[in-house]
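Here it is, the structure, as structure tokens.
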Amino acid sequence: MPEGDALRMVAARLDAALAGQRLVRAELRWPTLATADLTGRVVLHTRPFGKHLLTRLDDGRTLHSHLRMDGTWQVVPTSTPTARARSPRVRALLDDGTSTALGLDLGMLDLVMTSREHELIGRLGPDILDASFDPEIFDGESGPADTEPTDAKPAAGTGLAESLDRWASRGDAPACEVLIDQRVVAGVGTIWMAEALFATQVHPWAPADQVDPVVLLRTARRFMRASVAAGAPTIRVHGRRGRPCPRCGTPLAKGTAGKAPVGRPVFWCPTCQKR
């Protein structure tokens with residue numbers, strides 16, 4: 001499932017094509033939205049929040065989408081055959097006359113008043129990539145490293161401070177599960193959970209109340225910001241079971257965060273990340 005960094009890039013792509021533009025064609029091929037009409041509306045912007053996208057319109061409505069496992073937003077010139085959107089995979093189409101955004105295989109689509117967005121995302125924790133999450137840390141960082149970020153106390157009122165309170169409420173749950181709990185922090189998935197735990201040499205199933213969440217969250221945020229800046233992630237352990245650990249050479253292992261049917265893969269080094 002695309003994570004917060006990927007959603008930032010999708011939102012930027014949508015904004016580059018549609019922000020400030022009036023829609024000349026709009027189709028929502030979704031059972032509950034079949035009669036909704038967005039034609040003539042001006043797209044204000046698309047805001048990413050965790051793994052969600054909020055496309056806001058000038059009439060006070062928001063088109064909310066979630067990619068889940070297979071979804072994507074594709075932007076093509078309106079003059080191309082692809083923009084005709086004849087594929088059954090198309091769930092949404094937004095066309096400003098020059099560019100056409102196609103929502104393919106979307107896992108969720110809603111149209112709500114912007115003032116009611118909280119009903120869709122209010123249960124989530126703070127967005128780890130939001131500017132207010134940890135505004136004074138790592139503004140110039142780029143790329144993974146084994147050097148741990150500072151564990152200085154976060155400023156009160158920041159997203160990080162709120163996430164720490166939510167983290168504490170999970171007690172001794174495994175750290176790998178808490179890191180991808182969207183109610184604790186929005187945007188972190190299995191990729192950055194694995195990469196943050198590896199970089200900080202934390203055992204994935206260590207009790208959450210026995211690790212330093214400040215360091216883990218700041219590490220994940222730093223890696224995700226670097227991914228957005230580079231346009232692609234730098235992966236060292238995720239998806240690489242059996243390959244040598246880039247730090248010690250031990251074959252990387254794969255475990256599970258959570259239980260079936262909602263378990264998620266965890267890639268880790270049995271040597272570098274001993275309990």
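Residue numbers start at 1 and run along the sequence shown.
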message: Tell me whether Leu111 shares a hydrophobic cluster with Trp30, the cluster being built from Ile, Leu, Val, Met, Phe, Trp, Tyr side chains joined at under 4.5 Å.
response: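 Linked within one cluster.
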field: Steps toward side-chain contact (heavy atoms from CB on, under 4.5 Å) verdict (Leu93, Arg25)
entry: CA-CA 8 Å; Leu93 178 152; Arg25 180 188 175 199; 3.6 Å; yes
- prompt: Can we say Arg8 and Asp127 salt-bridge, meaning some charged N sits less than 4.0 Å from an Asp/Glu carboxylate O?
  reply: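 Looking at Arg8 and Asp127, the cut-off is met.
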Within-4.5 Å side-chain heavy-atom neighbours: Val211 and Trp167: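 Result yes, sub-4.5 Å side-chain heavy-atom pair found.
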query: Which residue pairs satisfy the ring pair (Phe, Tyr, Trp, His ring centres under 6.0 Å) criterion with at least one member in residues 76-122, sequence neighbours excluded?
result: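 Sorted result for residues 76-122: empty, none.
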task: Look up atom CZ in Arg116 and atom OG1 in Thr62, then write down how far apart they are to the nearest 0.5 Å.
output: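 Answer for the CZ-OG1 pair, Arg116 versus Thr62, is 11.5 Å.
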task: Nearest 0.5 Å please: distance from the CG atom of Leu7 over to the CG atom of Leu67.
output: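 Taking CG in Leu7 and CG in Leu67, the distance rounds to 5.5 Å.
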task: Search all heavy atoms of Ser132 against all heavy atoms of Asp130 and return the closest pair with its distance.
output: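 Ser132 and Asp130 have their closest heavy atoms at OG-OD1, 2.6 Å.
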message: Could you check whether any side-chain heavy atom of Leu109 comes within less than 4.5 Å of a side-chain heavy atom of Leu28, counting everything from C-beta outward?
response: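 Yes; the side chains approach each other to less than 4.5 Å.
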task: Please examine the side chains of Arg275 and Pro207, heavy atoms only from C-beta on, and report whether any two atoms are closer than 4.5 Å.
output: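 SC-SC contact between Pro207 and Arg275 confirmed.
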- prompt: Is the closest basic N to carboxylate O distance between Arg264 and Glu177 below 4.0 Å?
  reply: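 Salt bridge absent between Arg264 and Glu177.
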query: Less than 4.5 Å apart, any side-chain heavy atom of Leu54 and any of Arg56?
result: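 Yes. Closest side-chain heavy atoms under 4.5 Å.
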task: Please report the C-alpha distance between Thr46 and Thr55 in whole Å, then the side-chain angles of each, then the deciding distance to 0.1 Å, and finally whether the side chain to side chain donor-acceptor pair (under 3.5 Å) criterion is met.
output: CA-CA 4 Å; Thr46 295; Thr55 300; 3.0 Å; yes
- prompt: Sub-3.5 Å donor-acceptor pair from the side chain of Glu195 to the main-chain atoms of Met193, do we have one?
  reply: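 Side chain of Glu195 to backbone of Met193: no pair is present.
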message: Show, in sequence, the C-alpha distance, side-chain angles and deciding distance for Thr82 and Arg84, and conclude whether the side-chain contact (heavy atoms from CB on, under 4.5 Å) test is met.
response: CA-CA 5 Å; Thr82 303; Arg84 298 173 187 169; over 6 Å; no
field: Residue list, side-chain contact (heavy atoms from CB on, under 4.5 Å) with Thr271, at least two apart or on another chain
entry: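 Result, side-chain contact (heavy atoms from CB on, under 4.5 Å) vs Thr271: Cys248, Thr250, Cys269.
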- prompt: Going only through I, L, V, M, F, W and Y residues with side-chain contacts under 4.5 Å, is there a path from Val10 to Leu57?
  reply: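 Looking at the clustering, Leu57 is in the same group as Val10.
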query: Does a side-chain heavy-atom distance below 4.5 Å link Val266 with Thr256?
result: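 Side-chain contact under 4.5 Å: no.
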task: Measure the shortest side-chain to side-chain distance between Leu94 and Thr100 over non-hydrogen atoms and say whether it is less than 4.5 angstrom.
output: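 They are not in side-chain contact.
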message: Run Leu106 and Arg68 through side-chain contact (heavy atoms from CB on, under 4.5 Å) and show every step you take.
response: CA-CA 7 Å; Leu106 300 177; Arg68 292 201 184 273; over 6 Å; no
message: If hydrophobic clusters are built by linking Ile, Leu, Val, Met, Phe, Trp and Tyr wherever their side-chain heavy atoms come under 4.5 Å apart, do Val112 and Val42 end up in the same one?
response: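 Different clusters: Val112 never reaches Val42 through Ile, Leu, Val, Met, Phe, Trp or Tyr contacts under 4.5 Å.
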field: Geometric cation-pi criterion Arg218 and Phe133, 6.0 Å radius, 45° cone
entry: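 Arg218 over Phe133 ring: no.
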- prompt: For the side chain of Glu27 and the backbone of Asp37, is there at least one donor-acceptor N/O pair under 3.5 Å apart?
  reply: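 Absent.
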Under 3.5 Å donor-acceptor, Arg240 side chain and Ile235 backbone: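 Checked: pair present.
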message: Can you tell me how far apart CG (Leu252) and CD (Gln273) are? Round to the nearest 0.5 Å.
response: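 That separation rounds to 8.5 Å.
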task: Scan residues 69-111 for pairs that pass ring pair (Phe, Tyr, Trp, His ring centres under 6.0 Å), counting only residues two or more places apart or in two chains.
output: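 Pairs touching residues 69-111 that pass the test: none.
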task: Measure the spacing between CZ of Arg13 and OG of Ser99 and express it to the nearest 0.5 Å.
output: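 Here the interatomic distance stands at 12.0 Å.
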message: Taking ring pair (Phe, Tyr, Trp, His ring centres under 6.0 Å) as the cut-off, I'd like each qualifying pair that reaches into residues 252-272, sequence neighbours left out, listed once.
response: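 The answer is His203-Trp268, Trp205-Trp268, His238-Phe267.
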query: Linking I/L/V/M/F/W/Y whenever any side-chain heavy atoms sit under 4.5 Å apart, do Leu120 and Leu14 land together?
result: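 No, no single cluster joins them.
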For the student: nearest non-hydrogen atoms of Pro154 and Thr158, plus distance: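 Reported closest heavy-atom pair: CB-OG1, 4.2 Å.
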- prompt: Are the side chains of Gln21 and Val43 in touch, meaning some heavy atoms are under 4.5 Å apart?
  reply: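 In short, these two side chains do not touch, never coming nearer than 4.5 Å.
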field: Asp181/Arg170 salt bridge by N-O under 4.0 Å criterion
entry: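 Looking at Asp181 together with Arg170, the answer is yes, because their closest N to O distance falls below 4.0 Å.
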task: Indicate the atoms forming the closest heavy-atom contact of Gly189 with Glu3, along with that distance.
output: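 Looking at all heavy atoms of both residues, the shortest contact is N-OE1, 2.8 Å.
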query: By the rule that ILVMFWY residues connect when side-chain heavy atoms come within less than 4.5 angstrom, directly or transitively, which residues belong alongside Met113?
result: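 Noted: Met113 shares its cluster with no other residue.
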Closest contact, heavy atoms only, Ser163 versus Pro126: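 Taking every non-hydrogen atom into account, OG-CD, 3.4 Å.
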message: Please give me the minimum heavy-atom distance between Asp5 and Ser227, naming the atom from each residue.
response: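 Nearest heavy atoms, Asp5 then Ser227: OD2-OG, 2.7 Å.
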message: Applying side-chain contact (heavy atoms from CB on, under 4.5 Å) to Val185 and Arg166, what does each step give before you reach the verdict?
response: CA-CA 8 Å; Val185 59; Arg166 291 171 178 243; over 6 Å; no
- prompt: So, for Ala85 and Leu102, which heavy atoms are closest and what is the spacing to 0.1 Å?
  reply: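 Between these two residues, the closest heavy atoms are CB-CD2, 3.9 Å.
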message: Test of understanding: with side-chain contact (heavy atoms from CB on, under 4.5 Å), list the residues that count as partners of Val24, not counting sequence neighbours.
response: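 Result, side-chain contact (heavy atoms from CB on, under 4.5 Å) vs Val24: Asp95.
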- prompt: Any link between Met9 and Leu53 through a network of hydrophobic side chains (Ile, Leu, Val, Met, Phe, Trp, Tyr) touching at under 4.5 Å?
  reply: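 No; Leu53 is not reachable from Met9 via cluster members.
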field: Nearest-0.5 Å distance that lies between atom OG in Ser169 and atom CZ in Arg183
entry: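 So the OG of Ser169 and the CZ of Arg183 are separated by 8.0 Å.
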- request: Could you tell me whether the side chain of Cys245 reaches within less than 4.5 Å of the side chain of Pro251, counting heavy atoms only?
  value: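 When only atoms from C-beta onward are counted, Cys245 and Pro251 do not touch, as no gap falls below 4.5 Å.
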- prompt: What is the distance from atom CD1 of Ile128 to atom CZ of Arg225, rounded to the nearest 0.5 Å?
  reply: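 CZ of Arg225 is found 10.5 Å from CD1 of Ile128.
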